[in-house]
Amino acid sequence: MVAPSYLHISLIAAFWLPMQQVVSFQPTLSSFRSRVTRGHHPSTSTSSTIISELSESKTSTDAPTTKRPRRRSSNKKKRPVQQELKNPNEVVTWRVYGIDVDPDNLADGSSATETSAKANEESIPLEKQYLTEPVLRALLSRLRIKTTDDVTFALPEELKDARVVRRSIDARRRRGAGPKYTYVVDVDITREKARDLRFVHQSGRLELVDDAKKNRSVSAGDEAESDSKPKVVICGAGPAGLFCALSLATAGFKPILLERGQPVEARGKSIGALIHRRSIDPESNFSFGEGGAGTWSDGKLTTRIGRNSGPVRFVLETLVKYGAPARILVEGSPHLGTDNLVRLLRNMREDLRALGGEIHFGCRASQFHIENGRVTSVSTESVEEDTSAPTSIQQPDAVVLATGHSARDVYEELHKSGVPLEAKGFAVGFRIEHPQRIINEIQYGQDWGGRALTKRMSTDNVNMQHFAKYEAAGDIEHTGTLPVASYRLATNEAYDGETNRGAYSFCMCPGGQIVPSSTKDGELCINGMSFSNRDSVWANSAMVVTVSADDPILDQYRSTHGTLAGLEFQRDMERKACKLGGGNFTVPVQRLTDFVKEQVSTSVPSSSYRLGVKSAPCHEIYPKQLYTALVHAITEHFDKQMPGFLCDEALIHAVETRTSSPLRVPRDPNTLQAGGVDNLFPAGEGAGYAGGIVSAAVDGLVVAAAIKAKLSGGIEMSEFQGMKSVGFEY
């Protein structure tokens, strides 16, 4: 106890008094030490006495005192020393996010909708046409560049150039404000001016664009010098297969494209026969044919793999090259529409053939012959008599499997051939349809919903009549216009009675219609589609719940079908829906308000589905866990996110089962070849490596790059690594 007490007092002295005066207190400390050694234990009073003595010694000392220099606070930030710029006049690009513009400010004829329509008629680049005076004013305000009221459409001297990269609609009515158009703008500015304006890199707000990334694109590769072109068989003419074939053909390879369906012109006739005569062609329909399932859909070009990445930009620019509207390069949520896709695919087909590629329609890959870990031949079956279609292709250098998620027979054949397959998560549910005017009101509010216009008189009249009552009751007067409203809903807390599942909207089609995506009689599956104008009076979206690869609801299917349990589950749900609808592609429906109460609707509103609907207990189709989770998501999440979503006019249509493939063909992460098969390359959505048009197209490019690297070394491996994509999981 003695030593610690002495040390304690010493520390008090050392910290409480200036360091240079501590030495003068040695007698006092010695006195304290002698008291301790004589047996006097330090008490509270003793400590106080010692401290008092120390204080007295301090005041009585004759040692000269010096005023301690005042120490600066360490918390104060030092003003940064402005470093001299090496290249002050070098022009660099900064990307500015979140430039908000009121739609009314664009009502002078310079709205993005009207501007993009003129893009092909005028010589001004599209990104310049979007840079209207209201957008420029908002940009300069954001950058704190002073302007005067008489400034018209002209860049200030601080900026060398500016162009719109993306435009989207923000329908969130924060603090009572209405919807806004939100722009992302690239500005060219010297390094010196950027420093003067205090540009600081802030992710998602103000970013210095990396020139290497900005200009990076996907190279097609050098043309093969050898007279013997590598022979690559590509199964499937969806986005993955087409972009893979184009990339290989441009590089001098010989792609042989096999598509079980028909080209878009003949495919349209097959679809017409289904709609008008209920006659389905199992090989040419809404799911099979040139362009894949996305051709007769909304043609969405949104993606989760990076909108501004090199491969994604390459895909969008390629689509524009073949006939897509140029606005997809700027729009935040671009879509093509079925009408644009038909023209685009025809142009792409002609170019592919001109490059030396072969395309065989109505030709299905029926069997893959594998010997010694390599595909030695591919057997085919022709739906129609085509003298040019091969019955088999011998010794292909590479085989690309890009058949889409509806080609269940192909995956069953792979399983029989010993190609490794693995189960993956997927999602199933229904398609829900609302009148578009209701979605407009929920998203834009009563004051702005009436300004969601399509330029189709009958549709716009229905919308404006709905909002006329609000305009009459209040002082609402807007001149700006908005696109028809859409939505996106998701939650990971859809409770199924035991655990939480994911639930989300998928492939939302504003101004669209519901169509059959079945591929054979006795199985009923539906999808949504829109034309480019999105001008119908309905809005529809898939509303689905996740099913994991090891989900207990698959146990009964897993016991008899193993890895293919997910496929059989999908089939079973489609058979149930077909039976409830009474067959002949009639769709069972139920009001959403009745669906959540588990009661059959006594009457149903009109539907966009043209083959007929029938009121039925749709709540009985799926296992109870999935139904419970979906109801919980709708009532406890979605209707709170979008008040009014749960309403009598909302109509459930059964069933939506093909949002994604329940299987994945595992591939080597470096070579992208299927496990154990040296020259088989799985690609796209059906193989489990994409989730939409753009991601499937990018995956086709990734696989093409891998094939080039394997067969000719035509690209740098670093470029290939940069393009690598990942599988999608639900």
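Judged purely by atom type and a 3.5 angstrom limit, Ser247 has no side-chain atom pairing as donor or acceptor with the backbone of Phe243. Side chain of Arg667 to backbone of Pro682: a donor-acceptor contact under 3.5 angstrom is found. No donor-acceptor pair closer than 3.5 Å links the side chain of Thr454 to the backbone N or O of Asp535. Arg195 places no side-chain N or O within donor-acceptor distance of the main-chain N or O of Pro88, the cut-off being under 3.5 Å. Using a distance-only test at 3.5 Å, with no hydrogens or angles considered, no donor-acceptor pair links the side chain of His478 to the main chain of Trp448. Checking side-chain atoms of Thr295 against main-chain N and O of Glu290 turns up a donor-acceptor pair under 3.5 Å. For the pair Asn463 (side chain) and Leu453 (backbone), a donor-acceptor distance under 3.5 Å is absent. Of the possible polar contacts, one joining the Asn340 side chain to the Leu336 backbone as a donor-acceptor pair under 3.5 Å is found. Side-chain atoms of Arg95 never come within 3.5 Å of backbone atoms of Gly204 as a donor-acceptor pair (strictly under, hydrogens ignored). Remark: the backbone N or O of Ser168 is not paired with any side-chain donor or acceptor of Thr182 at under 3.5 angstrom.
In this structure, OH on Tyr183 lies 11.0 Å from CD1 on Ile99, to the nearest 0.5 angstrom. Considering CG of Leu106 and OG1 of Thr479, their distance stands at 9.5 Å, rounded to 0.5 Å. Once rounded to the nearest 0.5 Å, the distance linking NZ of Lys321 with CG of Asp351 reads 5.0 Å. Rounded to the nearest 0.5 angstrom, Leu248 CG and Leu711 CG are separated by 8.5 Å. We find the CE-OG distance between Met543 and Ser541 to be 5.0 Å, quoted to the nearest 0.5 Å. Once rounded to the nearest 0.5 Å, the distance linking CZ of Arg534 with NE2 of His335 reads 3.5 Å.
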message: Is there a side-chain contact (heavy atoms from CB on, under 4.5 Å) between Arg163 and Leu131? Walk through the geometry before answering.
response: CA-CA 6 Å; Arg163 55 203 167 275; Leu131 192 66; 5.9 Å; no
Salt bridge (Lys or Arg N to Asp or Glu O under 4.0 Å) between Glu133 and Arg137, worked out: CA-CA 6 Å; Glu133 183 174 341; Arg137 286 184 178 276; 3.2 Å; yes
message: One pair to check against side-chain contact (heavy atoms from CB on, under 4.5 Å): Asp161 and Val91. What are the steps and the verdict?
response: CA-CA 10 Å; Asp161 196 10; Val91 177; over 6 Å; no
task: Could you check Glu158 against Val187 for side-chain contact (heavy atoms from CB on, under 4.5 Å), going step by step and ending with a plain yes or no?
output: CA-CA 10 Å; Glu158 289 90 342; Val187 296; over 6 Å; no
- request: Test Val342 against Trp296 for side-chain contact (heavy atoms from CB on, under 4.5 Å), laying out the working first.
  value: CA-CA 9 Å; Val342 170; Trp296 264 266; 4.2 Å; yes
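Take His434 and apply the ring pair (Phe, Tyr, Trp, His ring centres under 6.0 Å) test, not counting sequence neighbours, and it matches Phe645. The salt bridge (Lys or Arg N to Asp or Glu O under 4.0 Å) test applied to Arg437 returns Glu649, not counting sequence neighbours. Arg205 is linked by a salt bridge (Lys or Arg N to Asp or Glu O under 4.0 Å) to nothing, counting only residues two or more places apart in sequence or in another chain.
Contact detail for Arg166 and Gly332: the closest heavy-atom pair is CG-CA, 3.4 Å. For the pair Ile442 and Pro643, the tightest heavy-atom approach, listed with the atom from each and the gap, is CG1-O, 3.6 Å. Ala452 and Pro483 get closest at one heavy-atom pair: CB-O, 3.8 Å. Across Pro510 and Ala485, no two heavy atoms sit closer than the pair CB-O, 3.5 Å. The minimum heavy-atom distance linking Arg142 with Gly98 is given by the pair NH1-O, 3.2 Å. Among all heavy-atom pairs drawn from Cys244 and Val703, the shortest one is SG-CG1, 4.4 Å.
For the residue pair Tyr97 / Glu207, a side-chain donor-acceptor distance below 3.5 Å is found, with atom types taken as modelled. A donor-acceptor pair shorter than 3.5 Å can be found between the side chains of Asp339 and Ser532. A donor atom on one side chain and an acceptor atom on the other are found under 3.5 Å apart for Tyr470 and Glu441. Neither side chain, Asn89 nor Thr190, offers a donor N or O lying under 3.5 Å from an acceptor on the other. Looking at Tyr322 and Glu350, their side chains never bring a donor and an acceptor atom within 3.5 Å of each other.
Proximity of Arg451 to Asn440: side-chain heavy atoms (C-beta onward) are nowhere separated by under 4.5 Å. Using a 4.5 Å heavy-atom cutoff, the side chains of Leu139 and Val135 are not in contact. Between Arg349 and Val264 the shortest side-chain heavy-atom distance falls below 4.5 Å. Under the 4.5 Å side-chain criterion, counting only non-hydrogen atoms from C-beta, Ile189 is in contact with Leu197. For the pair Val200/Leu206, no side-chain contact is recorded, criterion being any heavy-atom separation below 4.5 Å from C-beta on. Within the 4.5 Å cutoff, side-chain heavy atoms of Met642 are placed close to those of Gln443. Residues Tyr130 and Arg327 form a side-chain contact, since some pair of their non-hydrogen atoms from C-beta on lies under 4.5 Å apart. Side-chain contact between Phe253 and Leu355: absent, with no pair of heavy atoms (C-beta onward) separated by less than 4.5 Å.
By the 6.0 Å and 45° rule, Arg664 stacks over the aromatic ring of Tyr689.
Counting heavy-atom neighbours within 6.0 Å of Arg353 CZ, excluding the residue itself, gives a total above 12. Glu157 CD: 12 or fewer foreign heavy atoms inside a 6.0 Å radius. Other residues, nucleotides and ligands place no more than 12 heavy atoms under 6.0 Å from the CG atom of Asn492.
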